Every structure is written in C-alpha cells, then in structure tokens.
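Worksheet: the structure to be examined is printed underneath.
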Amino acid sequence: MAKQLTPRKENYSQWYNDLVIKADLAENSAVRGSMVVKPHGYAIWEKMQSILDSMFKETGHQNAYFPLFIPKSFFSKEASHVEGFAKECAVVTHYRLKNGENGEIVVDEDAKLEEELIVRPTSETIIWDTYRKWVQSYRDLPILVNQWANVVRWEMRTRLFLRTAEFLWQEGHTAHETEAEAIEEAERMIGVYGEFAEKWLALPVMTGLKSPNERFAGAIETYCIEAMMQDGKALQAGTSHFLGQNFAKAFDVKFVSKENTQEYVWATSWGVSTRLVGALIMAHSDDNGLVLPPKIAPIQVVIVPIFKNQEQLNAISEVAEKIVNDLKAKGISVKFDDRDTQKPGFKFAEWEMKGVPVRLAIGPRDIENGTVEVARRDTLEKESLQLTGLSDKIEHLLDQIQDNIYQKALSFRDEHTYNADTWDEFCKYIENGGFVYAHWDGTAETEQKIKEKTKATIRLIPMGDKFEDGKCILTGNPSKQRVVFAKSY
RNA sequence: CGGGGUAUGGCCCAGUCCGGUUAAGGCGCCUGCUUUGGGAGCAGGAGACCGCAAGUUCGAAUCUUGCUACCCCGACCA
C-alpha cells in the first residue's frame with residue numbers, strides 16, 4: 001500500500017515539493033501561503049479546465065469575467081456572506097508608492113483610497129450587483145455564467161494545494177425565474193462535478209448535502225462531492241450552492257414575471273479549484289511519484305530511446321517517429337524524450353515521478369527484434385510488444401489504466417467505509433481513518449460536540465432514498481438517516 | 001491571536017551548550033575521461049560577508065539584547 005500522503009512537509013516527496021509544484025515563498029509575508037504552480041502542475045490544471053469548460057458549455061453555460069477588486073461596501077449587503085468571509089480578506093487601501101527617507105519605497109499616505117477595495121475571496125457580491133442591471137424581465141432569465149479566475153482568502157494557516165492564500169478556480173453564478181429551476185441547476189452542477197471526478201480524474205466521490213454548520217456563507221443548501229484520500233481523510237472536491245433569494249434581495253435583483261408581478265430571482269453558485277490537483281495527487285500517488293489517470297495526463301505516453309551513439313539514436317528515432325504519428329492520429333498525446341543530456345534510467349525515474357501513464361523504451365535490441373518495451377505507471381509492469389498493431393494496444397492499455405486507477409481508489413474507499421452504531425465503534429473507526437455512516441440527531445450542538453471529541457465532521461448528508469430509523473450516535477435521540485462522518489482536510 | 005520550534009552556498013544540513021587557523025558533509029551545478037536496457041563512476045572545479053541590527057571580546061556562526069521571517073499545533077477554511 002502506498003504510504004500516507006498528507007501534505008505535511010515531512011512527507012513531501014521530491015515529486016510533490018519540487019517537480020509538480022514549488023512553494024517559492026518569498027521572504028516577505030505578503031505572499032505567505034501562495035504557491036508557484038510549475039509547468040507540469042499547471043498543465044494538469046489546464047487539462048481540467050478544458051474538460052470542465054466543455055462540460056459547462058454542454059449544460060448551457062457561458063464564460064464571463066468580473067473585476068478582481070470589489071468595493072468594501074458591497075460586502076455589507078448580505079449579512080451571513082460577509083460574516084463568512086470578513087475574517088480572511090485582503091484589503092487594498094492605497095494606490096501609490098513613493099521614495100521614503102532612507103531610499104526605501106514606502107506607501108504614499110496621500111494616496112489613500114476613499115473606499116477600500118477587497119481582493120475577491122469569491123465573486124458573489126460583485127456579480128449580483130452586476131446582474132441587477134442585466135435583469136428586467138423573465139425573458140432575461142436564466143443567466144448561466146461561469147468565470148475562471150483567481151481568488152484570495154487570507155487563511156490563518158495554509159496547506160499547499162489544499163488551502164493556499166491565492167488559488168485558481170472557476171465559479172458559476174446563475175439566476176433563475178423559479179425556485180425549482182434553481183435547485184435543479186444546483187443539483188445538475190454537482191452532478192457535473194461528480195461525473196468529472198469519477199470519469200476523468202478516476203476519483204470516486206460521494207455526493208450529498210452539507211449540514212447547516214458546513215454550509216457556504218449565504219446559501220440555503222450546499223451540495224458537495226467528497227473524496228477519500230489515501231490516509232482515510234475526506235477532501236471536499238467541489239461544491240454547488242442553492243442560494244435562494246438571499247443575494248437577489250441583498251442586491252435588489254428583481255424581474256417582472258409573466259403575471260406582471262415584481263419577483264426576486266433565484267440563485268445558485270458552484271465552484272471547483274486547484275484543490276482538485278491536490279486531490280488527484282493525494283488519491284492516486286505512490287512512492288515513485290504521481291500516478292495520473294490517462295484522461296487527465298498532459299502527456300499520456302513517453303518514448304525513451306536507449307542508445308550509445310548517434311547512429312543508434314537515428315535508427316531508434318525512425319521507429320519512434322512512426323509510433324508518435326500513429327498515436328497522435330488516435331488523439332493520444334506523446335513525447336519522444338531524445339535528450340542526450342540524461343541517461344535512460346534517469347528518464348525512467350523522472351517520467352514516473354511526473355505520472356506519465358505509459359512509457360515505451362526502444363533500444364538496439366528492440367530495433368533488431370521489431371519490439372518495444374511497454375511499461376505502465378499504475379502497476380509498474382513491463383512487457384515487450386511487437387511493433388505491429390502497437391498503437392491499438394496502447395489505446396486499449398490507456399483505457400485499462402484509467403479503469404484500474406479508479407477501481408483501486410474505489411476499493412480503497414469501500415474498505416475504509418463503515419457503519420457505526422455505538423459511540424465506541426464510531427470513535428474507533430474515526431481514529432483509524434475513513435468514512436463512517438452514523439445516525440445524528442440533526443442538531444448543530446451535537447455535530448459540534450462530536451467534532452470536539454473526535455475531530456470528525458459531517459462530510460455530507462446522503463440524498464435520496466437511504467432513510468432508516470435509528471438513534472444518534474452521541475445523544476441517543478431519534479434520527480431518520482445516517483450521515484457520513486470523517487476527519488477532513 | 002495563544003503554545004512550541006527553526007533561521008548556515010541553489011537544496012538538505014554539521015558546527016552553537018564550552019568563542020580561537022581557510023565554516024564540515026551530502027545532493028545539485030561546471031570541466032574532462034570512462035559510461036548509457038532502472039536515478040552512473042572517477043578526477044578536478046565554482047559557489048556562504050552563518051536571517052537582520054546593536055552589544056560584549058584581542059577575537060563571534062557560537063555569548064547578550066532587540067527585531068524580522070518561516071515551520072508545526074489550535075481557532076478559521078475550497
């Protein structure tokens with residue numbers, strides 16, 4: 001079994017800390033908790049972006065862009081929203097620097113802004129202020145808009161990928177004529193996230209509702225997908241919120257209905273972030289580095305030539321180029337690593353660290369025999385294959401790897417998912433790490449007490465038909481449904 | 001904001017208690033030769049005013065004082 005991959009410094013392997021991402025923190029506290037996403041890490045994010053973006057468009061959404069800076073006054077309009085974010089906002093107070101007395105650069109106190117600007121922690125406020133101007137009639141609805149952006153949350157403690165001060169994400173913000181339509185939208189989008197996680201990231205997720213404690217600031221209902229990492233902890237991988245009319249009322253977004261009455265619009269918002277890259281890493285990696293599901297891997301196949309001299313390389317290149325063309329024709333992304341500055345063994349290790357799903361090695365021996373050595377990243381198995389029909393086999397192999405990675409994560413999750421009916425059982429399961437289905441009396445106080453005693457929180461309340469009478473694990477009060485508890489990131 | 005810890009070449013770090021030649025080692029980097037089917041070997045080389053500021057001293061990485069930054073644990077959180 002892979003070692004525990006918690007994002008703590010003592011567990012950072014080279015691949016995590018240096019190859020995929022580097023937290024090049026400046027000496028200065030201003031970039032505390034920010035991250036530098038290096039090219040390979042960013043390529044993974046770009047791939048996620050392009051897939052999600054097309055899924056959004058298939059469900060009728062369009063992209064737009066709203067400002068980075070939000071006037072402070074916008075935040076006073078929705079009470080619970082500001083309460084949720086006020087403690088972690090970066091605030092712009094001045095717009096100019098000047099030379100100080102010792103040749104230092106100092107803030108020019110004369111250049112103080114009349115109204116401070118908030119660097120967006122999320123864009124609800126500025127978007128709803130804008131939507132007010134866009135909506136007059138039911139004919140203007142729905143508004144189905146998504147934004148790809150960076151946001152800043154001045155967290156007291158940061159963790160690489162999982163909780164950085166600045167992160168990249170997408171945030172969808174929709175406005176609807178009816179409550180039912182908005183709820184349908186929120187549920188549709190959590191479904192999109194779930195499908196994306198399972199089919200593309202090979203990441204099994206549970207879908208459900210957040211308890212009131214864990215709900216998004218300003219939301220009526222928060223839907224979420226939760227994934228299990230290799231240490232048994234839960235990671236919230238995406239959320240979708242039904243916002244009711246809270247923001248419409250706060251920002252006065254009204255429309256004239258078919259019946260000629262003034263109505264407030266119904267809203268949703270939904271988002272996923274670069275945290276998904278962290279999820280991918282922590283769910284699938286092993287001691288040799290990343291294990292990328294083929295569908296999300298920026299490079300799916302790498303070809304490493306083994307040669308002693310230029311003539312050998314030339315002969316190998318000829319074969320390799322044909323393979324490259326065949327694979328590209330099938331839409332498979334492939335890299336021929338013909339660097340002469342590194343040895344083959346080094347390249348094997350390096351591409352494994354980067355998680356490339358399939359590696360082909362071609363040496364003089366293969367040239368003679370008309371073969372290549374095929375190595376798969378997920379199982380580290382190697383076999384020698386004939387050149388004829390190779391690209392079909394690789395195409396098939398990529399599918400197999402995708403499926404195997406998913407199945408492995410799924411059985412891991414199943415093996416670490418329990419039903420608990422007594423408090424002792426509950427504590428034991430939580431202690432060992434994993435998801436625990438248990439009865440809860442539905443009160444915030446009980447949830448809080450359980451958190452204090454065990455560090456476990458309610459990750460989600462399952463939706464649908466899994467109702468069952470029982471007694472709360474802590475208080476013994478009646479409960480109609482089991483909820484999922486786990487320790488989380 | 002509470003509690004604990006750390007700061008020495010690009011990276012990991014020894015040395016600090018008990019002050020004393022040129023600040024040690026490993027990784028990485030550069031050059032040459034030999035190598036190349038799982039992270040090469042040997043030889044040579046470059047690279048550090050020891051976090052910042054003051055103080056004590058003939059002499060400070062080491063002792064004193066102040067400051068700053070970062071890390072870990074908690075509250076907060078995608």
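Proteins get letters first, then strands, A, B, ... in listed order; numbering begins at 1 in each. Bear in mind that the values here come from a model prediction, so they are computed numbers and not experimental data.
When both distances must be under 3.5 Å, the Watson-Crick or G-U wobble mate of B:U56 does not exist. Summarising the base pairing, B:U31 is matched to B:A43 through a Watson-Crick or G-U wobble pair whose two defining distances lie under 3.5 Å. Using the Watson-Crick or G-U wobble rule with both distances under 3.5 Å, B:U21 pairs with nothing in any strand shown. Both distances falling under 3.5 Å, in either a Watson-Crick or a G-U wobble arrangement, place B:A7 opposite B:U68. The pairing partner recorded for B:G74 is B:C1, the criterion being a Watson-Crick or G-U wobble arrangement whose two distances lie under 3.5 angstrom.
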Between the protein and nucleotides 74-77 of chain B, list the N/O to N/O atom pairs that are separated by less than 3.5 angstrom.
| residue | atom | partner | partner atom | Å |
| --- | --- | --- | --- | --- |
| B:G74 | OP1 | A:K455 | NZ | 3.0 |
| B:G74 | OP2 | A:R157 | NH1 | 3.4 |
| B:C76 | O2 | A:E155 | OE1 | 3.4 |
| B:C77 | O2' | A:E155 | OE2 | 3.0 |
| B:C77 | O2 | A:R163 | NE | 3.0 |
| B:C77 | O2 | A:R163 | NH1 | 2.4 |
| B:C77 | N3 | A:R163 | NH1 | 3.0 |

Output one line per pair: protein atom, nucleotide atom from nucleotides 40-47 of chain B, and distance, for all N/O pairs under 3.5 Å.
| residue | atom | partner | partner atom | Å |
| --- | --- | --- | --- | --- |
| B:A40 | O4' | A:K343 | NZ | 3.3 |
| B:A40 | N9 | A:K343 | NZ | 3.4 |

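For A:E214 and A:L380, each mapped to the nucleotide of RNA chain B holding its nearest heavy atom, the one lying further toward the 5' end belongs to A:L380. Each of A:K347 and A:S273 was assigned the nucleotide of RNA chain B with the nearest heavy atom; the assignment lying further toward the 5' end belongs to A:K347.
Counted by atom type alone, A:E185 and A:H61 present one or more donor-acceptor pairs between their side chains at under 3.5 Å. Inspection of the A:T388 and A:Q386 side chains reveals no N or O donor paired with an N or O acceptor under 3.5 Å. Defined by atom type and a distance below 3.5 Å, a donor-acceptor pair is missing between the side-chain atoms of A:E187 and A:S240.
Among the protein residues, A:T239 comes within range of no part of the nucleic acid, since none of its heavy atoms lies under 4.0 Å from any strand. Contact annotation for A:F167: base contact, defined as any heavy-atom pair under 4.0 Å involving a base atom. Counting non-hydrogen atoms under 4.0 angstrom, A:Q342 reaches nothing in the nucleic acid. Using a 4.0 Å heavy-atom cutoff across all strands shown, A:G363 reaches at least one base atom of the nucleic acid.
Using a 4.0 Å cut-off between charged side-chain N and carboxylate O, A:E166 and A:R153 make no salt bridge. Looking at A:K335 and A:D337, no side-chain N of the basic residue comes within less than 4.0 Å of a carboxylate O on the acidic one, giving no salt bridge. The existence of a salt bridge linking A:K210 and A:E221 is excluded, since no basic side-chain nitrogen approaches an acidic carboxylate oxygen closer than 4.0 Å. Salt bridge present: A:R339 and A:E350 bring a charged side-chain N and a carboxylate O closer than 4.0 Å.
Residue A:K453 places its NZ atom among 12 or fewer non-hydrogen atoms of other residues, nucleotides or ligands, all under 6.0 Å distant. Surrounding CD of A:E318 are at most 12 heavy atoms belonging to other residues, nucleotides or ligands under 6.0 Å away.
Across the C1' atoms, B:C42 and B:C52 are found 43 Å apart, a figure rounded to whole Å. Across B:A53 and B:A14, the matching P atoms stand 24 Å from one another, rounded to whole Å. Comparing B:C67 with B:A75, their P atoms are spaced 29 Å from each other, to the whole Å. Here the separation of B:G39 from B:G28, taken at their C1' atoms, is 13 Å to the nearest Å. Comparing the C1' positions of B:G51 and B:G45 gives a spacing of 29 Å, expressed to the nearest Å. Look at the P atom in both B:A24 and B:G9: the space between them is 13 Å, to the nearest Å. Atom C1' of B:A48 sits at a distance of 23 Å from the matching atom of B:U31, rounded to the whole Å. Atom name P, nucleotides B:G41 and B:C27: the rounded distance is 8 Å, in whole Å.
Stacking between A:W169 and B:A78 is absent: the ring centroid is not both under 5.5 Å from the six-membered base ring centre and under 30° in plane angle.
Going from atom CG of A:D366 over to atom P of B:G37 covers 13 Å, rounded to whole Å. A:R459 has its CZ atom 11 Å from the C1' atom of B:A78, to the nearest Å. One atom, CZ of A:R376, and another, C1' of B:G38, lie 19 Å apart when rounded to the nearest Å. Straight-line distance from the CD atom of A:E368 to the P atom of B:G37: 17 Å, rounded to whole Å. For the pair A:L235 CG and B:A78 P, the computed distance is 12 Å after rounding to whole Å. In this structure, A:Q312 places its CD atom 10 Å from C1' of B:U36, rounding to the nearest Å. Distance CG (A:D337) to P (B:G39): 16 Å, rounded to an integer number of Å. Look at CG on A:L168: it is 12 Å from C1' on B:A78, rounded to the nearest Å.
Using cut-offs of 30° and 60° on the angle between ring planes, the pair A:Y193 and A:W270 is perpendicular.
No hydrogens or angles were tested; on distance alone, nothing pairs the side chain of A:E350 with the base of B:G39 as donor and acceptor under 3.5 Å.
Distance from the side chain of A:Q236 is smallest to B:A78 among B:A78, B:G37, B:G39. Each of B:G39, B:G38, B:G37 was ranked by its minimum atom distance to the side chain of A:K382; first place goes to B:G38. Checked against B:G38, B:U36, B:G39, the side chain of A:P344 finds its nearest nucleotide in B:U36.
Residue A:K57 holds its NZ atom at 13.5 Å from CG of A:L144, rounded to the nearest 0.5 Å.
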Walk me through it: do A:W169 and A:N150 pass the test side-chain contact (heavy atoms from CB on, under 4.5 Å)?
CA-CA 6 Å; A:W169 78 345; A:N150 56 341; over 6 Å; no

